[in-house]
Structure formats: C-alpha cells, structure tokens
K.L.:
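Sharing a structure here in structure tokens format.
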Amino acid sequence: AQKITQTQPGMFVQEKEAVTLDCTYDTSDPSYGLFWYKQPSSGEMIFLIYQGSYDQQNATEGRYSLNFQKARKSANLVISASQLGDSAMYFCAMSANDYKLSFGAGTTVTVRA
Amino acid sequence: SAVISQKPSRDICQRGTSLTIQCQVDSQVTMMFWYRQQPGQSLTLIATANQGSEATYESGFVIDKFPISRPNLTFSTLTVSNMSPEDSSIYLCSVGDRGSEKLFFGSGTQLSVL
C-alpha cells in the first residue's frame, strides 16, 4: 500500500518569493513515480512535475523543482518567483508501475500581492 | 502531452437519475482511469477503464453504481447511476501511456445532485 502525507493544509507566500510544499511518502515498491499537480478553483488537475524513484537528479520544470530525498522518503515541491496565478490547491501523488495514483490531502497556496 | 476533453464540465441532476461523463483523448493511450473528488477532499481512484473488457474497480466502488465503457484507445465513459446527494463530486479522467511516466487529467466534471 502507498501513503502520501502533506502536512501543510494552507500556506501564504508573497508575490515573487519562493515557497516549498512538503510531501512525504511510504511505499514498499522498489520502483515508483512521484507527481505534483495544481488544482485551481476551476477544478481541473494540471500536471506540474514528475520524479522517478531511480532518477539521480532532481526534476525541474520551469519555476517548479522537486527536492527528492529518497532516504527520507520526501518529495518537496519548490515554486520559485511566485505569481498571483499560482494561488491554488497543490497535490502530491505517487504511482507504482500500475500507473494508479495515490494522492495526499493537498496544500492550499495563496499568493499575496 | 495528449489533449483530453471531458464532457459535461458541470451538471446539476435530480436524485435517482443517472449521468454519463465522456472522456475523449486526441491520441491513443494505453491507460485510462476515473477518479472522484468529493467536496474538500483529495482524489480517489474509482476504476481502471480497460479497452474492450470490463473495468477494474477499486475497493468501495462497484460496476452497478459506476458502469464504465472503453470501446477504443481514445474514448471512455463513466456513468454515475441512481444518484444521491452523496455523489456530488468532481469526476476526473486520467490518461497515461506506457513508455511515458507522466499522467494527465481531463478538465473534470463537477456534479451536483439535488
């Protein structure tokens, strides 16, 4: 069984600053993938970034980077240079080789001008 | 990434009726899944939509309540049957392809049952 934990229900960040969203996971699968999704108030789920368990380097996608610490079982998302449009719910998720996603509870990010 | 169209985007339905949600992808994909997001909650996997065969349901979800079709590699439907207010949720389809690690979602269907 897989478990994803996001301990921050909500966070405030000043525009143009960076914010780190925490995510820890637990799995017995040797091979797995870690995902972050953004869900704005419209309800859609927007793919942000992916990290494979065997990837040596941390994933980056534009202003998003994933701080992957395998020994600590953490996969924190860093959003740099926050923008007002970054205000949304953010979900951490993981999948084993079956492509089924298990989600954390989510973190609400509010960017202040 | 694949373009995923989900219809309807929202609907308000009466108790006891059924609603069919469509998920159309602009390219063939290996994997298609259906998720439910109850108000204020995270996403929960309902089932894997299998092409040409019966869907594989997760614990707590049954075919009579959530029948799923997948006639080909680009299209799937989820029906929410005999609806009650507890079925009010966002329903999302997700697609993935072997050889690509990324999993993408449709825009979601916001369902309210009165």
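Proteins come first, then strands; the chains are lettered A, B, ... in the order of their sequence lines, and each starts at number 1.
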K.L.:
For the residue pair A/Ser74 and A/Thr24, confirm or rule out a side-chain donor-acceptor distance under 3.5 Å.
P.N.:
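Short answer, no.
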K.L.:
Go through the atoms of B/Leu103 and report whether side chain, backbone, both or neither lie under 4.5 Å from a heavy atom of chain A.
P.N.:
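For B/Leu103, heavy atoms of backbone and side chain both lie under 4.5 Å from chain A.
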K.L.:
Considering only heavy atoms, which portion of B/Gln6 lies under 4.5 Å from any heavy atom of chain A: side chain, backbone, both, or neither?
P.N.:
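For B/Gln6, there is no contact with chain A at all, as no heavy atom is under 4.5 Å.
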K.L.:
Using a 4.5 angstrom heavy-atom cutoff, name the option from A/Met45, A/Glu44, A/Gln6, A/Gln39 with the most pairs to chain B.
P.N.:
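Among A/Met45, A/Glu44, A/Gln6, A/Gln39, the one with the most close pairs to chain B is A/Met45.
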K.L.:
Can you tell me if A/Thr27 and A/Asp29 form a side-chain donor-acceptor pair at under 3.5 Å?
P.N.:
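Yes - a donor-acceptor pair under 3.5 Å links their side chains.
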K.L.:
Need one label for A/Phe91: side chain, backbone, both or neither, based on atoms under 4.5 Å from any heavy atom in chain B.
P.N.:
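For A/Phe91, the side chain is the part near chain B, not the backbone.
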K.L.:
Check each atom of B/Thr44 against the heavy atoms of chain A and say whether the ones under 4.5 Å are side chain, backbone, both or neither.
P.N.:
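The answer is neither part of B/Thr44.
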K.L.:
Report yes if some heavy atom in the side chain of A/Asn67 is under 4.5 Å from a heavy atom in the side chain of A/Gln69; otherwise report no.
P.N.:
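When only atoms from C-beta onward are counted, A/Gln69 and A/Asn67 do touch, with a gap below 4.5 Å.
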K.L.:
Which bit of B/Leu92 is near chain A, if near means a heavy-atom gap under 4.5 Å: side chain, backbone, both or neither?
P.N.:
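B/Leu92 touches chain A through side-chain heavy atoms alone.
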K.L.:
With a 4.5 angstrom heavy-atom cut-off, is it the side chain or the backbone of A/Leu101 that approaches chain B, or both, or neither?
P.N.:
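Both backbone and side chain.
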K.L.:
How are the rings of B/Tyr35 and A/Phe103 set relative to one another: parallel (under 30°), tilted (30 to 60°) or perpendicular (over 60°)?
P.N.:
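Perpendicular.
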K.L.:
Are B/Asn50 and B/Thr56 linked by a side-chain donor-acceptor pair shorter than 3.5 Å?
P.N.:
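B/Thr56 and B/Asn50 do have a side-chain donor-acceptor pair below 3.5 Å.
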K.L.:
Answer yes if B/Val80 and B/Phe61 sit in the same cluster of Ile, Leu, Val, Met, Phe, Trp and Tyr residues linked by side chain heavy atoms under 4.5 Å apart, and no otherwise.
P.N.:
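Same cluster: B/Val80 reaches B/Phe61 through Ile, Leu, Val, Met, Phe, Trp or Tyr contacts under 4.5 Å.
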